[in-house]
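Let me begin by presenting the structure, written as C-alpha cells, before commenting on it.
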Amino acid sequence: MAVESFLPPSNPKITVEKAVKPKPRTEELVTIESPGKPMPAFLIEKRKKASIKSARTKSRAKNTAEPKELARKDSILIITEKPQAAQKIANALASDSPKKYSEDGVSYYELTRNNDKIIVASAVGHLFNLTYSPGQKGWPIFKLEWVPSYERKNSAFTKKYFDMLKKLSKRAKEIIIASDYDTEGEVIGWNVLRFIFKQASAKRMKYSTLTSEELQKSYENPLPELDWNQAYAGETRHYIDWLYGINLSRALMSAIKKVGSFKILSIGRVQGPALKIIVDREREIEKFKPQPYWQVFAFSNNIKFIYPKDIFNKEDLEKFKGIKEALAETKKDEENIAPPVPFDLTTLQTEAYRLHKISPSETLRIAQQLYLDGIISYPRTSSQKIPPAIEPKKILKRLEKHFPQAKEAVREKPLEGKKSDPAHPSIFPTGEFKELNGKEKQLYELIVKRFISTFAKDAIIETKKITLVPTRAKDKDIKFVANGLAIKEKGWTKVYPATLEEKELPDMNGKVKIDEIKFEEKETQPPKRYTPASLISLLEKKNLGTKATRSLIVDTLFERGYLDGKSIKATPLGLKLIETLEKDSPIIIDEKLTRQLEEEMDKIQKAKSVPEQLEKKEKEIIGKAEKVITDIAKDFKAKEEEIGKGLLSGLQILRDEQREANTIIQCPVCKKGNLRILFNKTSHRYFVACSAYPECKTTYTLPPNALIKKSDKICEECNFPKLLAIRKGKRPWEFCFNKDCPIVKKQLEEWRARQANKNKEDNQDAENANSQ
Ligand SMILES: [Zn+2]
Ligand SMILES: [Zn+2]
C-alpha cells in the first residue's frame, strides 16, 4: 500500500461508522428477486410527490412527439437481459461479423441472417420495479404498480437502456424475448414488452448456454409465446416480496420511532424465518452445558482400538481395568462408491465453500460471469440432470485438450441426482475455453471436474474391520474395534477432490495380547454455528426462499447488522429482534407461512393453465399475503411501544459493541477522550478522531478504499496499536497510523522523494519532447 494513503484528506468531519461498499460494475449486476428494500416512510412520501407523476407524464408526452416517418419496421428485434448476452447472440447468428452501434455507452448489434435483418439489443437486468401506487397513506398499503427503475436514484443508469429499446422498437416488425430463461428473466422480458413495446406477447428464445450452436438452435426454434408460468410466478414473487418488504420495514421503523429513536430496520418474508433459525441455534449454544465423558482405547500390536460407546459414568471405567487378552477377528468387505451427482446451484455453492472458502453469494456472482463468458451453462438451476440433448460426449472431447482427466469419463450415461428443474439442466461446462485466474479459475475447474467425474467409474474400496473381544468371562459385552481402508480402484476420485483416507491394518485373528487400556477424558461440544454454506442448504431443505435468493438473503442479514462472523452468529440486535417478534408478532417469523406461500408460487410455475387462470391464481396468492400482512399490522399497532422498546435495547447493545470495536486508545493529546475509528461519508474514507471532539480536534488519516479494523499488534517503534486495512481480494495490511511515528515519517519522506524524482523525470521528458 502506498504511503500517499497517509496524506490528509480534505475536510475530515465526524460522521457515522459505516463499511465501504463498492459499486458493482454493470457487467457484475446480478438480477435478483429483491428481498424487500427498507425505506423510511418519510422518504417515500417525499419521493412520491417529487418524481412519479412528472416522469410518467414526460414519457407519454415524448411518445406522441416522436415523428412517424422515423419508423422503418423492417427488423427482427431480439432483446436480452444483459449486454454481454446480446453480443454473444449477435455473434452466433451473424453469417459474418455483426455491426456494432453504441450510443452513450449502450450498444446494440445489426446483422443479416437468411435475408432477415436482425437487431440484438439488451436490457440491463430489471428496467421496471414495483412501487406503491400514489395516494396511499401510512401502512399497511397494498396497491402496487410497475414503474421505470430509472426513477430510483441508484438505478438511474438503466434510463439509457430504456431509451435505447424505446428507440429501436420503432424499427421492429417482430420481437423475440431472449432474457435468461427463469422467472426473473421472464418478468424482465414481459415488462419490456408490455410497458415499452405495448405488446401482449412475443416469441421466446430458450437456451441454457451462450454457445453459438445452442443460440442458433434456439433462434430457429423459438417458443411461440412468453412462458406464462414463469412470468406469473415471477410477478407474484415480486408483489409478495415487495408487500412484505415495505410494510414490515414501516412497521419496525414506526415501532422504533415510537420510543424516540431512528434506525432503518427491515425484515423480509424469508429473512425473518431465516434469522429465527440462527437465533434458535444461538440459544442452544448459550444453554449448552458441556458434560465430561470418556473414551476407552485398547492397544494391541501397536494398533489403537476403540470402544465404540462414550462413557458418561466414571464408575463404568472400572470394568475395563485389567483386560490383558482378547480374541481378534478380521472382516473384509468391498464397497463401491459412486461419483457425486451433477451440480445444481446449492451443491455448487456448498462445495465451493467447502473446498475454496468462496461464499455462496460470491459463487453465484462468479458463476453468472462464467455463464456470460459462454464457458458454463446457466447457474440458477436446481437440476442435477445431464440430458442427452446437451451432447455431453462432445463436450468431454473438447475438454480433453485442457483437462486430460476427461479421459476418465468412460460411463455411457452419467450418474444423475434426484433434483430436476423445468427450465434448465444441471450446471455443466460448455467445452469452450477462456484463460481465467483466481477464484474464477477455481470455480470453473470445480465445475469441469464435477462434470467429468459423473461419467467416471465408481471408486472401489476395501474396508477392514478388526474386532477384539476380551477373553475374560465377565467381559462378553465389551468389544473394541479398528477400521482400515484401502483404495482398490480410484475411479472418479482421480478427477474430483474426495476425502477417502487410506488406513492400513494387518489381518489379526485368534488370541492377541492387550498391551494397554487407556481412558481419554473429553467434553461434549455445543452444536455448531452455521456457515454461509450450511445455512443455504438448510434454507433449501426447508423450502425457504429460492435458489437465486438464498445466498443474498444471508448477505442482507449481515448488512443489516443481525449477523456477525464467518461461522454465523446472531448479534444482540438480531437476538432482540427475534425475541421481540416471538413475543409480540410471531406471524412475521413463522416458517410455515413463508413455506406455504413458496409452495403456492411453485404451483403457478408448474400449472398447466392458460394465462387467465394463472392471473387468477396470482391474485389469490397476493390476497393471502395481504391478509397475513393485515394480521401482522394488527399485532404491531396494538403493541407498538413494547416492540419498540425491545428493538431499542438490542440497538443499544449493538451500538455499544460497535463503539467498543472502534475505540483504539486514550487520546495522547487531551488525555481525556479516546481515539476512535470513524467514517467520513463525504470523502468516503475512514479516519481516527478523538471522542472529546469538538474540544479536542486530534485526527489521524487512514488509507482510503479499505475497511479499517483494530488489530492486536503494537507498533515496535512508537507503541501505538496497529490497525488493519482490509481490501477486497487482498491480504489485510497491518500498519501504524501515528503520523509522528518515526517509521511512518521515514516512509512519507521516501515517498516525497520518489514523487519529486518522478516530477523531475516528467519535466525532462517534456523538454525532450519539445526539443524534437
Ligand atoms: Zn483528544
Ligand atoms: Zn508507529
Residues Y244, L597; criterion side chain to side chain contact (heavy atoms under 4.5 Å, CB included); working and verdict = CA-CA 12 Å; Y244 263 83; L597 282 174; 3.9 Å; yes
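- Two residues are said to be in side-chain contact when any heavy atoms from C-beta on lie closer than 4.5 Å; L593 and I587 meet this criterion.
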Side chain to side chain contact (heavy atoms under 4.5 Å, CB included) assessment of M508 paired with N301 | CA-CA 9 Å; M508 283 169 74; N301 271 338; 3.5 Å; yes
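- Around the NZ atom of K569, the shell of radius 6.0 Å holds no more than 12 heavy atoms that belong to other residues, nucleotides or ligands.
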Could you check R529 against E282 for salt bridge (charged side-chain N to carboxylate O under 4.0 Å, His left out), going step by step and ending with a plain yes or no?
-> CA-CA 7 Å; R529 293 206 164 89; E282 210 58 40; 2.8 Å; yes
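- Contact annotation: the side chain of D602 approaches that of N543 to within less than 4.5 Å [non-hydrogen atoms, C-beta and beyond].
- Closest heavy-atom contact between Y353 and P532: OH-CD, 3.7 Å.
- Counting heavy atoms of neighbouring residues, nucleotides and ligands inside a 6.0 Å radius, atom CD of E523 exceeds 12 of them.
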Start with the C-alpha distance between K304 and E520, add both sets of side-chain angles, then the distance that settles salt bridge (charged side-chain N to carboxylate O under 4.0 Å, His left out), and finish with yes or no.
-> CA-CA 13 Å; K304 192 179 187 182; E520 282 178 25; 3.6 Å; yes
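- Between G561 and T571, the shortest heavy-atom contact is O-OG1, 2.6 Å.
- The shortest side-chain heavy-atom distance between N674 and I664 does not fall under the 4.5 Å cut-off.
- For R676 (side chain) and N662 (main-chain N/O), no donor-acceptor pair under 3.5 Å exists by modelled atom type.
- Salt bridge R354/E351: present, at least one basic N to carboxylate O contact under 4.0 Å.
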Determine, stepwise, if the pair V296 / F480 fulfils side chain to side chain contact (heavy atoms under 4.5 Å, CB included).
-> CA-CA 9 Å; V296 186; F480 293 100; 4.0 Å; yes
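- When the options I536, L364, L539, L345 are evaluated for a side chain to side chain contact (heavy atoms under 4.5 Å, CB included) with K547, the one that passes is L345.
- S420 approaches S382 most closely through the heavy-atom pair O-OG, 3.6 Å.
- The line from CD of Q384 to OG1 of T454 is 11.5 Å long, rounded to the nearest 0.5 Å.
- K503 places no side-chain N or O within donor-acceptor distance of the main-chain N or O of A486, the cut-off being under 3.5 Å.
- A donor-acceptor pair shorter than 3.5 Å can be found between the side chains of E540 and T346.
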Step by step, work out the side chain to side chain donor-acceptor pair (under 3.5 Å) result for T381 and D344.
-> CA-CA 6 Å; T381 174; D344 62 306; over 6 Å; no
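- Shown here for K639 and D584, the closest heavy-atom pair between the two residues is CD-OD1, 3.4 Å.
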Stepwise, does the side chain to side chain contact (heavy atoms under 4.5 Å, CB included) test hold for Y686 with L707?
-> CA-CA 8 Å; Y686 285 87; L707 177 76; 3.2 Å; yes
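- Between Q652 and L648, some side-chain heavy-atom pair lies under the 4.5 Å cut-off.
- Not a single side chain to side chain donor-acceptor pair (under 3.5 Å) links Y444 to another residue, sequence neighbours left out.
- Here salt bridge (Lys or Arg N to Asp or Glu O under 4.0 Å) pairs that include residues 480-496, with residues two or more places apart or in two chains, are E334-K488, E408-K494.
- Ion pairing between a basic and an acidic side chain is recognised when a charged N comes within 4.0 Å of a carboxylate O; K465 and E335 show no such pairing.
- Smallest separation of non-hydrogen atoms from S453 and P339: O-CB, 3.1 Å.
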Take E286 and R283 through the test salt bridge (charged side-chain N to carboxylate O under 4.0 Å, His left out) and record every step on the way to the result.
-> CA-CA 5 Å; E286 206 158 286; R283 289 168 172 161; over 6 Å; no
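- At a cut-off of 3.5 Å, with distance as the only test, no side-chain donor of D333 or T463 sits close to an acceptor on the other residue.
- For the pair R411 and F455, the cation does not sit on the ring face, since its NZ or CZ is not both under 6.0 Å from the ring centre and inside 45° of the axis.
- Listed for the Q271 side chain is a donor-acceptor partner under 3.5 Å among the backbone atoms of G268.
- You'll find the side chain of E445 reaches within 4.5 Å of the side chain of F403, heavy atoms only.
- For the ring-ring contact (aromatic ring centres under 6.0 Å, His included) with Y307, the qualifying choice from F320, F519, F297, Y293 is F320, the only one to do so.
- Residues K522 and P292 fail the side-chain proximity criterion, which asks for heavy atoms closer than 4.5 Å.
- With 3.5 Å as the limit, one finds no donor-acceptor pair spanning the side chains of T330 and D507.
- Looking at I708 and F735, their side chains come closer than 4.5 Å, going by heavy atoms from C-beta outward.
- To the nearest 0.5 Å, atoms CD1 (I653) and CG (L573) are separated by 9.0 Å.
- Counted within 6.0 Å of CG on N509, heavy atoms from surrounding residues, nucleotides or ligands total more than 12; the atom is thus considered enclosed.
- A side-chain donor-acceptor contact under 3.5 Å links S426 to the backbone of K385.
- Heavy atoms of other residues, nucleotides or ligands lying less than 6.0 angstrom from NZ of K464 number more than 12.
- Looking only at distances, a side-chain donor or acceptor of R472 sits under 3.5 Å from a matching main-chain atom of G322.
- Taking the ring centre of F720 as origin, the terminal cationic atom of K722 falls outside the region bounded by 6.0 Å and 45° from the ring axis.
- Residues E582 and K576 are not paired through a salt bridge, judged by the lack of any N-O separation under 4.0 Å between the basic side chain and the carboxylate.
- Using a cutoff of 4.0 Å between basic side-chain nitrogens and carboxylate oxygens, E591 and R595 are scored as salt-bridged.
- Taking the side chain as every heavy atom from C-beta outward, E416 and V341 never approach each other to under 4.5 Å.
- A salt bridge links R281 with E284; the closest basic N to acidic carboxylate O contact falls under 4.0 Å.
- Looking at E362 and K439, a side-chain N of the basic residue comes within less than 4.0 Å of a carboxylate O on the acidic one, giving a salt bridge.
- Using modelled atom types and a 3.5 Å distance limit, the side chains of S534 and S537 yield no donor-acceptor pair.
- The distance from atom CD1 of I461 to atom CG of N336, rounded to the nearest 0.5 Å, is 9.0 Å.
- Here the closest non-hydrogen pair linking S585 and I632 is OG-CG2, 3.9 Å.
- Using a 4.0 Å cut-off between charged side-chain N and carboxylate O, K319 and D475 make no salt bridge.
- Using a 4.0 Å cut-off between charged nitrogen and carboxylate oxygen, K314 and D316 do not count as a salt-bridge pair.
- The closest side-chain donor-acceptor pair between T549 and T546 falls under 3.5 angstrom.
- Of the N and O atoms on the side chains of E325 and T471, at least one donor lies less than 3.5 Å from an acceptor on the other residue.
- From E501, atom CD reaches atom CD1 of I487 across 9.5 Å, with rounding to the nearest 0.5 Å.
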